[in-house]
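From a predicted model like this one, the values you see are computed outputs, not experimental measurements. Proteins get letters first, then strands, A, B, ... in listed order; numbering begins at 1 in each.
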Amino acid sequence: MKKWITGSMALMVVGSVVAGCGNNEESGGEDKVLRIAMGSPGEAMIAVWEEIADEFESANPGVTVEYTFQDDDTYQTVGLPNLLSGNNAPDLYFEWAGERLYNRINDGFAADITTQLEESGLGDMFAEGSYNGMTVDGKTYMIPTAGDVTNVIFYNKQVFDELGIGEPQTWAEFLAACEAVKASGMTPITVGNLDLWTAGNWIGHLLSRVVGEDAYSNALQLEEPFQSDDFVQAYTLVQELWDRGYVNDNINAISDSESDMLFLNGQAAMHPIGSWLVPTALEEAPELEMGYFNLPTIEGGKGDQGSVIGVLNGMVVNAKSSMTDEAIAFMQLYSSDESSAKLSAAGAVPITTTGLDRDNTPELSIRLNDLLAEAPTVVAPPDTGYSIEVANALNTATSQVIGGAKSPADALKQLEETVAPLKK
Amino acid sequence: MLRKASPYLFALPAVLVFAFTILVPIVMTFAFSFYDWNGYGEMRFIGLDNYDRALHDRIYLSSYTHIFIYIAATVVLEVLVGLGLAGLITMGRKGSSLFRVALFTPVMLPMIVVSFLWRFVYNSDFGLINTVLRAVGLDSWTQVWLGNPDTALLAICFVSGWVYAGFYMTIFYSGIQRISKDVYESAYLDGAHEGHIFFRIKVPMIRGLVKTGIMLCVLTGFQSFDLFYVMTNGGPYNSTEIVPTYLVKVVFSHMSTGYGSALAVILTLVIAALGLLANKLGRKGDALEY
Amino acid sequence: MASLPTDLNHRLTSFDQGLTSAKRRKWRSHTLYYLVMVAISCGTFYPLIWLLLSSFRENRDIFMAPFALPEQLNFHNWAEAWRIGNMSTYAKNSVLVTSVTLICILLFASLAAFALSKLKFRGSGLLMLLFAFGLFMPLQSFFIAQSYIFEQLHLKDSYMGLILPYTGVGLPLAIFLLKAYLDSIPKDLMEAARMDGCGDFTLFSRIVLPLLMPSLATVGIFSALNTWNELLLAMLYIQTDALKTIPVGLLAFSSRYMTDYKLLFSALALITLPMIVVYVFFHRYIVAGLTEGAIK
């Protein structure tokens with residue numbers, strides 16, 4: 001769940017071919033097959049999924065569980081639609097809450113599981129807030145599996161301590177921190193924006209803070225223009241970051257993972273990215289003391305200054321599946337505390353109310369989890385919350401401003417031109 | 001009876017494969033272009049709306065500008081440089097065949113390898129180019145080559161030249177080899193120097209071949225994908241977006257199959273028009289050699 | 001010159017004096033010529049040498065001191081890239097896809113070229129026109145619908161899903177080249193064979209095919225390299241790791257190990273080296289195949 005829409009199709013290795021992909025039709029006999037599809041969650045997680053499948057199969061004789069793990073970028077773009085329209089469509093599949101789920105519902109691929117959730121008790125295993133973006137007209141279409149804070153600003157504690165900087169609370173403090181780091185000869189902020197979604201998420205959050213969540217959301221749905229004073233004002237803050245030399249000069253030339261490495265190698269003091277950095281950091285740079293702070297408050301901003309940018313995801317039951325009950329039963333098993341413990345051990349952060357093992361989960365992950373759970377307002381990232389074409393256009397404008405290629409007004413003007421043909 | 005059918009039987013496998021993999025898809029792409037369709041859901045007929053949208057699509061239109069810049073640059077960096085190299089290796093100096101074989105090497109490498117290699121060469125932190133510049137004290141010349149819209153496209157063109165200059169060189173070399181020795185000898189007797197021989201004899205004698213080379217460079221320029229996809233994927237700020245990279249985004253990331261089809265049809269028409277034009281021009285000129 | 005040891009200096013001067021001015025000019029132009037050629041060759045090869053050297057080093061060294069030589073020729077990186085990168089699988093797939101595609105192209109194209117060149121039949125003009133059309137068409141003009149068709153027919157994620165389109169793309173050019181060659185063969189030969197009672201098929205297998213061998217080599221080299229290096233379709237049609245060819249495999253590998261430079265450099269070197277070896281041994285045929293294939 002580490003990555004999502006990159007807009008590009010850079011394909012990733014599925015690591016192992018453990019789970020023979022899709023075409024294994026050996027299961028003879030009368031067995032019913034429960035097909036489950038998702039982007040590859042990584043080898044450790046795949047092992048847990050397999051374990052849960054074995055458990056499920058022994059508890060439900062006559063049902064075989066079959067996984068399709070595609071690499072993430074493929075799954076998000078061509079992969080899932082192809083699977084859904086194919087002959088062996090999955091009964092249960094991974095999706096993001098919000099706009100992407102709504103599209104599945106519109107296309108008739110998501111089952112209304114409100115009653116099943118109630119009757120089975122599965123529905124009560126999650127907090128109310130975990131269903132954000134999963135319900136339409138009071139009907140629930142998804143079983144939550146995880147939540148990701150898609151952007152906070154991670155920082156190198158050692159650097160901050162040496163320079164006597166605290167966690168900035170306001171934008172002014174944030175700029176002061178950048179200045180102090182820069183004065184020490186280090187790059188203050190590193191972002192790898194080659195695929196546009198990294199700065200897109202971060203600055204998307206900033207936009208929502210300045211222009212207000214409604215204006216942000218409406219603009220992304222093309223109901224209000226991007227060209228407004230508020231957007232210009234927000235982008236002016238972004239422009240400042242480039243003009244003052246606070247972000248890496250190769251921001252639009254390197255990928256997110258290259259940027260992760262710059263930060264983890266101690267070559268930059270701050271790195272705005274999502275919660276998935278925590279496990280990467282523990283693996284790649286265990287000695288690094290890392291902290292994080294949410295986007296600092298922006299004075300005069302029209303949005304909720306305590307908002308968190310994040311996205312929930314979960315599993316959807318295919319409306320065309322004949323195995324709804326089995327799918328629900330499987331997810332009940334997946335959401336049990338026993339399974340949660342296994343998931344935690346594999347590095348995931350379970351979303352069930354009782355599943356989080358607070359003693360054995362990295363402290364940063366727990367804090368990030370709580371940040372999302374307790375957020376007064378959750379802002380959806382452009383690329384998962386809205387139409388990908390509009391999101392790409394906005395993220396391009398963001399990359400132009402943060403990369404110093406265009407002034408806020410020019411970038412927004414061009415953005416309007418780009419999205420103009422999309423308005424119907 | 002069999003006699004009569006046999007020509008068809010001979011042609012059949014080729015025709016079947018060709019029709020199935022190319023002709024039918026071209027026709028279907030044309031049909032798709034009139035629909036609003038995401039590739040799997042419901043198809044909605046919308047007439048020419050997709051084409052109208054294409055003509056207002058800033059990124060799509062600019063991708064043509066980029067491809068034309070790329071083609072113009074590669075005609076210089078590949079064909080003209082190749083021509084110059086061909087002149088150099090046909091001066092009759094010892095060891096020039098070794099250079100000829102050596103300079104052809106990059107053509108052998110898979111484009112994907114070339115793309116990654118040069119991505120590293122251009123890397124702003126540890127890349128070859130910036131390191132060399134720093135080493136010779138030209139720090140101010142260092143650039144984020146692929147992250148700067150002013151340099152990214154040209155950087156890609158340069159790589160293309162690195163690969164294919166040797167290729168065109170080889171083509172022109174074989175042309176120059178066929179020029180009769182007598183022509184040179186009389187020129188040498190007249191005391192002509194190498195530059196003179198190159199511009200007055202070699203180039204005019206293989207003019208037809210040079211034209212063919214330019215045509216080849218233009219038409220294959222439209223097919224470029226790997227270099228752009230791996231090195232920048234259209235970025236920064238769509239400044240290296242070309243039709244093929246944009247098409248892949250529109251169809252497989254935005255899931256706009258209908259719209260993407262319209263973009264593909266327009267591209268097909270543009271190439272067909274250019275092909276016909278090139279054919280006409282080729283006929284007009286002296287298409288004698290080769 | 002002043003700083004040179006005196007006897008060398010002396011020898012050089014006398015050498016210089018011994019030459020007539022014309023000879024000296026020639027000598028200078030020779031030196032200049034070789035300097036230029038060596039400079040150009042260095043420009044061509046330096047990135048490759050840098051790739052090779054970097055593949056022996058550690059990430060931190062690549063990052064911190066890009067220019068230094070590796071401390072030792074450490075093939076550990078190569079072994080690791082080969083293993084982690086699944087390269088043997090990709091190589092196997094590439095060999096398989098390329099060889100089957102090659103056989104299909106050569107067989108189908110020579111059959112068709114024979115019919116189009118030596119057997120008169122209705123519709124042959126139209127066929128030539130269609131293949132000429134195919135010669136110009138870029139992948140982009142058909143891959144959208146092709147992808148859809150392959151999806152419906154479950155051809156994606158299978159070797160056939162690559163072999164079919166690669167054959168289709170390679171056929172027009174192959175047919176043109178082979179037909180052009182057959183057109184240049186005098187009719188008498190065929191007539192004589194027919195007089196002896198040869199049927200069309202015997203004529204093809206006994207006479208035409210052997211005659212075509214040199215042209216088949218040209219077409220084969222051209223098609224094989226194109227197939228070997230194809231990225232776009234392979235990327236769109238193959239999702240299963242076990243079926244990926246080298247270009248897509250490398251793409252997958254790189255996006256996963258983007259920051260593990262030593263592994264990536266090693267993987268690139270691993271793929272590049274065999275190609276260069278093949279080139280060194282067969283350069284004559286390869287150069288001929290590629291240039292003739294492209295120009296005609």
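If you check the side chains of Asn130(B) and Ser124(B), you find no donor sitting under 3.5 Å from an acceptor.
Heavy atoms of Val36(C) lying under 4.5 Å from chain B belong exclusively to its side chain. Within the 4.5 angstrom heavy-atom criterion, only side-chain atoms of Phe133(C), from C-beta onward, approach chain B. Looking at Leu267(B), only its side chain comes within 4.5 Å of chain C, counting heavy atoms on both sides. When heavy atoms are compared at a cutoff of 4.5 Å, Arg284(C) does not approach chain B at all. For a residue to count as touching a neighbouring chain, one of its non-hydrogen atoms must lie under 4.5 Å from one of that chain's; by this rule Pro106(B) touches chain C with the side chain only. Contact annotation for Ile271(C): only side-chain heavy atoms (C-beta onward) come within less than 4.5 Å of a heavy atom of chain B. Using a 4.5 Å cut-off between heavy atoms, Leu88(B) touches chain C through backbone and side chain atoms alike. Proximity to chain B is limited to the side chain of Ile149(C), based on heavy atoms less than 4.5 angstrom apart. Contacts of Phe104(B) with chain C are made by both backbone and side-chain atoms, with heavy-atom separations under 4.5 Å. Contacts of Leu127(C) with chain B are made by side-chain atoms alone, with heavy-atom separations under 4.5 Å and no backbone atom involved. When heavy atoms are compared at a cutoff of 4.5 Å, Ile163(C) does not approach chain B at all. Looking at Leu85(B), only its side chain comes within 4.5 Å of chain C, counting heavy atoms on both sides. The part of Leu23(B) that comes within reach of chain C is its side chain, from C-beta onward, which places non-hydrogen atoms under 4.5 angstrom from that chain. Neither the backbone nor the side chain of Val27(B) comes within contact range of chain C, judged by heavy atoms closer than 4.5 Å. Leu270(C) does not touch chain B: none of its heavy atoms, backbone or side chain, sits under 4.5 Å away. Heavy atoms of Ile246(C) lying under 4.5 Å from chain B are absent altogether. In this structure, chain C has a heavy atom under 4.5 Å from the side chain of Leu219(B), while its backbone stays farther away. Both the backbone and the side chain of Leu164(C) come within contact range of chain B, judged by heavy atoms closer than 4.5 Å.
Met137(C) and Phe142(C) make their closest contact through O-CE2, 4.4 Å (heavy atoms, listed as atom of the first residue, atom of the second, distance). Taking each heavy atom of Ala174(C) and Ala109(C) in turn, the nearest pair found is CB-CB, 3.6 Å. Nearest heavy-atom pair across Pro247(C) and Ser94(C) is CD-OG, 4.3 Å.
Most heavy-atom pairs under 4.5 Å with chain C: of the set Thr257(B), Val15(B), Leu12(B), this distinction falls to Val15(B). Interface check for chain C: of the options Leu274(B), Thr268(B), Ile26(B), the most heavy-atom pairs under 4.5 Å are formed by Ile26(B). The greatest number of non-hydrogen atom pairs below 4.5 Å with chain C, out of Thr21(B), Ile112(B), Val107(B), is found for Thr21(B). Chosen from Pro165(C), Ala112(C), Ser141(C), the residue pairing most often with chain B at heavy-atom distances under 4.5 Å is Ser141(C). Of the listed residues (Ile271(B), Val163(B), Val243(B), Val113(B)), the greatest number of heavy-atom pairs within a distance under 4.5 Å of chain C belongs to Val113(B). Listed options Leu107(C), Ile40(C), Leu139(C) were ranked by heavy-atom pairs under 4.5 angstrom with chain B; first place goes to Ile40(C). When Val114(B), Val265(B), Val230(B), Asp226(B) are compared by the number of non-hydrogen pairs under 4.5 Å with chain C, Asp226(B) comes out ahead. Looking only at heavy-atom pairs under 4.5 Å with chain B, the residue among Leu119(C), Thr167(C), Leu231(C) that has the most is Leu231(C). Of the listed residues (Val280(C), Ile105(C), Leu48(C), Leu116(C)), the greatest number of heavy-atom pairs within a distance under 4.5 Å of chain B belongs to Leu48(C). Most heavy-atom pairs under 4.5 Å with chain B: of the set Ser110(C), Ser41(C), Pro47(C), this distinction falls to Pro47(C). Chain B forms the most heavy-atom pairs under 4.5 Å with one residue out of Phe136(C), Phe108(C), Tyr279(C), and that residue is Tyr279(C).
Atom CD1 of Ile286(C) sits about 8.0 Å away from atom CE of Met275(C), to the nearest 0.5 Å. Rounding to the nearest 0.5 Å places CG of Leu232(C) at 6.0 Å from CD of Glu230(C).
Taking the six-membered ring where tryptophan is involved, the planes of Phe150(C) and Phe20(B) are essentially parallel, since the angle between them stays under 30° and well short of 60°. By the 30° and 60° cut-offs, the orientation of the rings of Tyr164(B) relative to Phe167(B) is perpendicular. Using cut-offs of 30° and 60° on the angle between ring planes, the pair Tyr60(B) and Tyr64(B) is perpendicular. Between His254(B) and Tyr246(B), the angle of the ring planes goes over 60°, which puts this pair in the perpendicular group of the 30/60° scheme.
Cation-pi geometry between Arg100(B) and Tyr173(B) is satisfied (NZ or CZ under 6.0 Å from the ring centre, within 45° of the ring normal).
Shown are Ile22(B), Leu247(B), Thr29(B); of these, the side chain to side chain contact (heavy atoms under 4.5 Å, CB included) with Phe143(C) is made only by Leu247(B).
A distance below 6.0 Å separates the ring centres of Phe18(B) and Phe131(C). Aromatic rings from Phe253(C) and Tyr90(C) are positioned such that their centres are separated by 6.0 Å or more. Annotation: Phe265(C) is in aromatic contact with Trp50(C) [ring centroid separation under 6.0 Å]. In summary, the aromatic rings of Trp118(B) and Tyr122(B) are positioned with their centroids under 6.0 Å apart.
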